[in-house]
Amino acid sequence: VLVDGIQAPGLDFINQDLLELASIEVLRGPQGALYGRGAIGGAVLINTVQPGDEWKDHLTLGYGNGRSVRALNTVSGPFSDTIGVTLTTGYRYMRGLINDTGLGRPADHSRQGAARLSLVFKPDEATRIALTGSISQGRDGASYVVANAAIDPSLSPSRNLDTTDRRNIKSVSLKIEREVGFGTITSISQYARSSSRVLGDADWSPAAIARQQNDITVSAFNQDVRLSSKQDGPLRWMVGAFYQHRRSHDFLFVDGDPAGFLAGFTLAQGDNHSRSQAYAAYTQLDADIASGLKLTGALRYDVDERKDQDFLVAGSQVSGKFSSL
């Protein structure tokens with residue numbers, strides 16, 4: 001998944017509302033040569049609204065099932081002849097559609113707010129610099145699993161704890177494009193951080209038996225640099241390099257429900273820390289070999305270095321280096 005050409009560094013960063021969109025392009029089939037191992041089945045390219053030559057304000061309001069309310073507002077336009085701005089703010093609320101018979105209220109309640117600010121600077125005809133920052137915060141119902149749903153799909157959740165998932169996602173990116181004689185030089189830098197705290201009913205029943213807490217934090221820095229030829233000739237090419245540094249922390253704690261017979265007992269826990277560094281070099285060549293017939297060839301070499309450790313388990317450190325063409 002890429003937003004304005006910037007690759008999402010993990011699944012955690014996709015778990016948020018899409019704001020003001022200009023287009024969505026779906027590339028079917030293997031796209032790994034350009035976008036890495038996560039694109040073995042395809043790629044989704046999301047493009048947001050960019051500032052134009054006039055000031056515009058677009059407001060969208062919606063109301064739907066489950067008492068859902070959504071408001072989205074985008075203001076965009078030029079600060080000057082060389083600087084444009086787009087500011088999008090959004091809010092979504094839903095009471096829910098899945099009834100929890102134990103709590104007597106919907107289990108899939110949701111509330112989320114988000115903002116995205118993009119500044120585009122064009123110092124000359126050949127250069128475009130885009131600085132974008134975004135933040136998303138949400139509180140959703142979570143862990144409304146039905147233990148026997150595979151046997152009887154008509155069963156509804158029934159728990160004694162109102163479980164929630166609180167999320168906070170932040171990112172900042174810098175994209176620089178410069179046209180030169182042979183084509184375009186592009187540099188894309190991004191830092192993103194996602195944190196999630198899930199409070200759950202560990203026995204998924206109305207009985208006061210066990211509860212769980214799962215805190216997950218992921219941070220990543222991406223850097224992508226590429227050179228591409230002009231796109232109007234019969235032969236078009238691209239070469240590039242990619243780097244990512246990623247850290248994650250996954251803390252799990254399961255204990256007895258304070259109102260039950262296991263109160264005060266620790267049932268399971270883990271404190272897992274992971275770190276990875278990924279490097280890649282890639283190239284692609286497009287050739288028009290006949291009218292209506294194009295030949296595309298691509299090559300990518302990836303190196304991934306990983307370290308993993310559960311801080312609560314002595315001697316649990318593991319590491320590995322993986323590479324693939």
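For the single chain, residues carry numbers from 1 onward in sequence order. Computed from a predicted structure; not experimentally measured.
- In summary, Asp201 and Arg211 do not engage in a salt bridge, as defined by a charged side-chain N under 4.0 Å from a carboxylate O.
- Other cluster members for Phe182: Val180, Ile185, Leu227, Leu235, Trp237, Val239, Leu285, joined by side-chain heavy-atom distances under 4.5 Å among Ile, Leu, Val, Met, Phe, Trp and Tyr.
- Side-chain atoms of Asp140 and Ser110 include a donor-acceptor pair closer than 3.5 Å.
- For the residue pair Ser118 / Thr86, no side-chain donor-acceptor distance below 3.5 Å is found, with atom types taken as modelled.
- In the hydrophobic clustering, where aliphatic and aromatic side chains (Ile, Leu, Val, Met, Phe, Trp, Tyr) are joined below 4.5 Å either directly or transitively, Ile289 groups with Leu293, Leu295.
- For Asn65, the CG atom is loosely surrounded, since the number of other residues' heavy atoms within 6.0 Å does not exceed 12.
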Next on the checklist: Run the side-chain contact (heavy atoms from CB on, under 4.5 Å) test on Thr164 and His109 for me, step by step, so that the C-alpha distance in whole Å, both residues' side-chain angles and the decisive distance to 0.1 Å come before the verdict.
Outcome noted: CA-CA 9 Å; Thr164 58; His109 53 85; 4.0 Å; yes
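- With hydrogens and angles ignored, the 3.5 Å screen pairs a side-chain donor or acceptor of Gln31 with a backbone N or O of Arg28.
- When atom types are taken as modelled, the side chain of Asp108 and the backbone of Ile98 share a donor-acceptor pair closer than 3.5 angstrom.
- Side-chain contact, Arg111 with Tyr91: a donor N or O sits under 3.5 Å from an acceptor N or O.
- Listed for the Gln212 side chain is no donor-acceptor partner under 3.5 Å among the backbone atoms of Ala210.
- Using a 4.0 Å cut-off between charged side-chain N and carboxylate O, Arg197 and Asp215 make a salt bridge.
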Next on the checklist: Let's go through Asn47 and Asp4 carefully: what are the C-alpha distance in whole Å and the side-chain angles of both, what is the deciding distance for side-chain contact (heavy atoms from CB on, under 4.5 Å) to 0.1 Å, and is it a yes or a no?
Outcome noted: CA-CA 5 Å; Asn47 298 302; Asp4 294 333; 4.1 Å; yes
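- Members clustered with Phe322: none, using a 4.5 Å side-chain heavy-atom cutoff among hydrophobic residues.
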Item to check | side-chain contact (heavy atoms from CB on, under 4.5 Å) assessment of Gln190 paired with Phe221 | outcome: CA-CA 6 Å; Gln190 180 197 47; Phe221 171 77; over 6 Å; no
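- Hydrophobic clustering (ILVMFWY, side-chain heavy atoms < 4.5 Å, transitive): Ile135 and Leu174 are in distinct clusters.
- Listed by chain and number, the hydrophobic cluster partners of Val69 are Tyr63, where partners are ILVMFWY side chains within reach of under 4.5 Å, directly or through others.
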Next on the checklist: Test salt bridge (charged side-chain N to carboxylate O under 4.0 Å, His left out) on Asp288 and Arg236; report intermediate values, then the result.
Outcome noted: CA-CA 9 Å; Asp288 297 327; Arg236 299 166 299 278; 3.1 Å; yes
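- With values rounded to the nearest 0.5 angstrom, Arg275 atom CZ is found 5.0 Å from Arg247 atom CZ.
- Partner of Gln112 under the side chain to side chain donor-acceptor pair (under 3.5 Å) criterion, chosen from Arg139, Arg167, Gln137: Arg167.
- With hydrogens and angles ignored, the 3.5 Å screen pairs a side-chain donor or acceptor of Ser316 with a backbone N or O of Asp310.
- With hydrogens and angles left out, the side-chain atoms of Gln223 and Ser187 include a donor and acceptor closer than 3.5 Å.
- At distances below 3.5 Å, not a single donor-acceptor pair connects side-chain atoms of Asn214 with backbone N or O atoms of Leu199.
- Although no hydrogens or angles enter the test, the distance criterion places a donor-acceptor pair under 3.5 Å between the side chain of Ser205 and the main chain of Ala207.
- Classification of Lys321 and Asp304 as a salt-bridged pair fails, no side-chain N sitting under 4.0 Å from a carboxylate O.
- A salt bridge is defined here as a Lys NZ or Arg NE, NH1 or NH2 lying under 4.0 Å from an Asp or Glu carboxylate O, and Arg178 with Asp124 meets this definition.
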Item to check | Test log, rule side-chain contact (heavy atoms from CB on, under 4.5 Å), inputs Arg159 and Leu103 | outcome: CA-CA 6 Å; Arg159 305 159 302 161; Leu103 296 173; 3.7 Å; yes
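- His245 and Asn222 share no donor-acceptor pair across their side chains, judged by distance under 3.5 Å alone.
- Every side chain to side chain contact (heavy atoms under 4.5 Å, CB included) that Lys230 has, sequence neighbours left out, goes to Asp232.
- Ionic pairing of Arg105 and Asp162 is present here: one or more N-O contacts between side-chain nitrogen and carboxylate oxygen are shorter than 4.0 angstrom.
- Within 6.0 Å of CD on Glu125 lie no more than 12 heavy atoms contributed by other residues, nucleotides or ligands.
- With 3.5 Å as the limit, one finds no donor-acceptor pair spanning the side chains of Asn99 and Ser156.
- Counting non-hydrogen atoms of other residues, nucleotides and ligands closer than 6.0 Å to OH of Tyr243 gives a total above 12.
- Using a distance-only test at 3.5 Å, with no hydrogens or angles considered, no donor-acceptor pair links the side chain of Thr88 to the main chain of Arg116.
- Each of Asp302, Leu299, Asp224 was scored for a side-chain contact (heavy atoms from CB on, under 4.5 Å) with Tyr282, with one residue passing: Asp224.
- For Tyr279, there are no side chain to side chain donor-acceptor pair (under 3.5 Å) partners, not counting sequence neighbours.
- A donor-acceptor contact shorter than 3.5 Å is absent between the side chain of Thr127 and the backbone of Pro123.
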